Protein chains: 2
Amino acid sequence: MAASIEDVARRAGVSIATVSRALRGLPDVATATRDRVLAAAAELDYVASPFAARLASGRTNTVGLVVPFISRWYFGEVIDAVETTLRMAGFDLLLYNLGDEAGRARFFERMPMRKRVDAVLIASLVLAENEIDALLTLGCPLGSLGLEHDNFLSTSIDDAAGARVAAQHLLALGHRRIATIGGDPDDPMRITPPLRRREGFRSALREAGIEPDPQLEQLGYFTLAGGLEACDRLLALPERPTAIFAESDEMAFGAIRSLRLHGLRVPEDVALIGFDDHVTAEVLDLSTIRQPVPAQAHDITTRLLAAVEAGDDEPPTVDVVLPTELVVRGSTDPSRSVYQS
Amino acid sequence: MAASIEDVARRAGVSIATVSRALRGLPDVATATRDRVLAAAAELDYVASPFAARLASGRTNTVGLVVPFISRWYFGEVIDAVETTLRMAGFDLLLYNLGDEAGRARFFERMPMRKRVDAVLIASLVLAENEIDALLTLGCPLGSLGLEHDNFLSTSIDDAAGARVAAQHLLALGHRRIATIGGDPDDPMRITPPLRRREGFRSALREAGIEPDPQLEQLGYFTLAGGLEACDRLLALPERPTAIFAESDEMAFGAIRSLRLHGLRVPEDVALIGFDDHVTAEVLDLSTIRQPVPAQAHDITTRLLAAVEAGDDEPPTVDVVLPTELVVRGSTDPSRSVYQS
DNA sequence: CTGTTAGCGCTTTCAA
DNA sequence: TTGAAAGCGCTAACAG
């Protein structure tokens with residue numbers, strides 16, 4: 001069997017209490033004693049049993065991360081960054097994937113993280129009242145990525161502002177008939193961006209004296225295939241748009257494909273801008289609104305850990321908003337285009 | 001504070017041992033007693049403390065999943081499927097992302113899963129001797145996804161056979177000058193597919209009496225951008241290939257982009273086939289070799305859990321190989337093409 | 001079928 | 001600065 005704290009204590013000639021203190025770097029341990037303990041632990045290849053430690057201390061050293069999906073670009077980036085940040089802080093990551101409505105309902109009903117995490121991070125979910133209540137019963141710091149919630153720490157971008165910038169970029173290029181491909185605000189999974197990006201887009205048009213045309217707002221469901229179909233519908237209109245704002249790069253990729261299949265050139269026939277700055281956007285020469293996903297994930301995770309460290313079970317709501325950035329590439333600017341005509 | 005087992009025992013008028021048995025569904029509990037316990041637990045909204053249970057039983061009800069990357073299609077699918085399977089079995093998922101060589105070295109040195117998992121699943125990694133030894137010290141069932149290892153349960157596909165089928169498909173279409181875009185067999189991260197897919201590709205050519213031409217084998221590093229550049233290099237050859245086999249769909253997507261930028265038609269000028277059947281392959285009308293990622297992940301996870309359940313710390317090596325399937329789309333078959341010419 | 005009693009391997013007072 | 005001892009909240013014999 002693996003060595004226990006008693007083995008180390010015996011070997012170092014001290015009590016188990018001293019071993020515990022020495023190994024955790026607590027003060028009030030003589031340097032010589034600490035060295036002896038460290039040496040003994042190293043020789044025995046000792047690691048503390050996390051479960052015993054958790055039971056005794058009440059701290060789990062684990063953070064729960066809740067995502068609606070795993071296999072989408074944004075969430076992959078989030079999981080990656082959160083995992084890295086937690087790992088460096090010596091925390092474990094407990095991952096919960098909602099998957100669909102049924103999974104979401106089951107999750108909030110059973111609250112499977114009860115008694116097993118020090119903090120919870122929710123990624124890009126618009127939470128209902130009862131869902132928030134369920135999380136609050138956990139009695140630990142709560143974090144939200146992508147939008148604010150009362151009683152949550154949050155880190156996000158200004159989706160509306162980003163969408164405005166995208167629309168304004170197209171307007172500045174002289175476009176007046178601008179379409180958007182977006183998520184479904186009524187999607188039962190209620191993920192964050194749809195509502196706000198749509199809103200920002202519309203406000204930019206209105207400021208330019210253009211009344212948003214419902215026909216020019218198509219649903220792409222945040223998938224490539226959805227973006228393709230939405231673009232097909234736009235191109236089937238009697239008067240097609242001269243520019244398209246896709247509320248995510250993945251939908252923009254689908255739009256590129258659709259435009260190609262229709263024999264239309266980008267940006268000469270139709271200009272296109274996305275949102276996210278997906279790794280693939282550069283390759284496809286897609287203009288976009290860049291959002292810093294790893295930075296957001298790192299920021300919220302770090303602050304959540306700080307709250308745990310401070311023993312602050314209900315930290316005051318603090319919302320951090322990170323900037324987005326317009327990235328102009330060939331899909332809107334012909335002078336930069338690497339597309340074939 | 002949350003209710004403990006004693007609260008439930010008191011409320012149900014039984015001992016804590018009975019509560020434990022009743023709640024875990026053990027036999028030898030009178031139905032009436034069980035009902036009373038269940039009712040009391042429900043009223044108190046009781047859930048057992050996993051840490052106390054783990055400490056007492058020695059079982060962690062947790063499986064460690066080790067992946068080299070998170071933000072790649074294959075691994076996203078794997079994480080998703082493993083998480084779902086574990087969740088349904090009441091197990092927690094502990095996710096470890098290697099990220100790069102340094103992270104990989106750190107992982108195998110510290111073995112951060114020691115004393116915290118009942119089984120370990122390694123995704124698509126070619127393990128070195130010392131890495132295998134490190135894992136064996138965990139003394140729990142080990143699983144490998146994507147290739148076999150001694151002393152591991154494994155589930156994979158026959159990468160070589162899949163690649164052969166891809167090459168044979170191109171040969172059957174009359175192509176003789178066939179290129180491949182693959183991973184780097186010398187990649188320090190040593191992920192699985194590169195070696196075998198390359199091998200299968202070459203053997204198919206040889207059987208057709210064609211000696212593989214090193215110039216026609218380019219590295220795409222399993223990324224879209226890498227695939228694009230590899231394809232650029234192929235098209236820059238004095239005599240360009242008439243068909244390309246990309247060892248992953250993501251690299252094939254890059255190749256599609258490259259071909260487009262060169263003004264070449266698919267499949268008229270250059271035929272293209274990928275490997276994986278990425279969700280996007282259908283949208284891009286890409287022929288490919290379909291591999292069942294969720295099924296593989298589910299199979300290995302289920303068998304790993306069975307070994308845990310059986311208390312079988314060193315289950316005999318059993319390698320399951322799931323079939324791949326040729327999916328013909330427009331990128332190789334002009335008659336099915338939806339591409340613009 | 002049910003209760004009693006030891007632990008599981010740590011952390012954390014409290015004394016010394 | 002260190003040690004003794006009392007738990008943390010369960011599970012698992014062992015009796016009865």
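None of the values given here were measured: they were computed from a predicted structure. Letters A, B, ... are given to chains in the order of the sequence lines, protein chains preceding strands, and every chain is numbered from 1. Just the heavy atoms: all of them, side chains too, but no hydrogens, waters or symmetry mates, feed the values below.
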Steps toward side-chain contact (heavy atoms from CB on, under 4.5 Å) verdict (A:Ile191, A:Phe69): CA-CA 10 Å; A:Ile191 55 176; A:Phe69 310 105; 4.2 Å; yes

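- At whole-Å resolution of the value, CZ in A:Arg36 and P in D:dT1 are 14 Å apart.
- In summary, the side chains of A:Arg116 and A:Thr62 do not present any donor paired with an acceptor at a separation below 3.5 Å, with no hydrogens or angles considered.
- Between A:Phe91 and A:Thr301 the shortest side-chain heavy-atom distance does not fall below 4.5 Å.
- Taking side-chain N and O atoms only, A:Lys115 has a distance below 4.0 Å to OP1 or OP2 of D:dC10.
- The CZ atom of B:Arg59 sits 17 Å away from the P atom of C:dG9 (whole-angstrom rounding).
- Rounded to a whole Å, the CZ atom of B:Phe51 is 15 Å from the C1' atom of C:dT11.
- The CG atom of B:Leu55 sits 9 Å away from the P atom of C:dC10 (whole-angstrom rounding).
- For C:dG9, the OP1/OP2 oxygens have no side-chain nitrogen or oxygen of A:Tyr46 closer than 4.0 Å.
- Under the ring pair (Phe, Tyr, Trp, His ring centres under 6.0 Å) criterion, B:His149 pairs with B:Phe152, not counting sequence neighbours.
- The side chain of B:Thr18 places an N or O atom within less than 4.0 Å of a non-bridging phosphate oxygen (OP1 or OP2) of C:dG3.
- If you check the side chains of B:Asp80 and A:Asn97, you find a donor sitting under 3.5 Å from an acceptor.
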Stepwise salt bridge (charged side-chain N to carboxylate O under 4.0 Å, His left out) check, A:Arg54 with A:Asp92: CA-CA 12 Å; A:Arg54 289 165 191 185; A:Asp92 282 336; 3.0 Å; yes

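- The salt bridge (Lys or Arg N to Asp or Glu O under 4.0 Å) check on B:Asp118 picks up B:Arg59, with sequence neighbours excluded.
- Here D:dG9 presents its P atom at 15 Å from CZ of A:Arg114, a figure rounded to the nearest Å.
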Summarise protein proximity over nucleotides 11-16 of chain D in one line of letters, 5' to 3': B for base, S for sugar-phosphate only, - for none, counting protein heavy atoms closer than 4.0 Å. BBB---

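- Rounded to a whole Å, the CG atom of B:Asp7 is 14 Å from the C1' atom of D:dC8.
- Between A:Asp28 atom CG and C:dC14 atom P the separation is 16 Å, expressed in whole Å.
- D:dG9 atom C1' lies 14 Å from atom CZ of A:Arg116, rounded to whole Å.
- Distance from the side chain of A:Val14 is smallest for D:dG3 among the nucleotides C:dG9, C:dC10, D:dG3.
- Taking 4.0 angstrom as the limit, A:Ser49 places none of its side-chain polar atoms (N or O) nearer than this to OP1 or OP2 of C:dG9.
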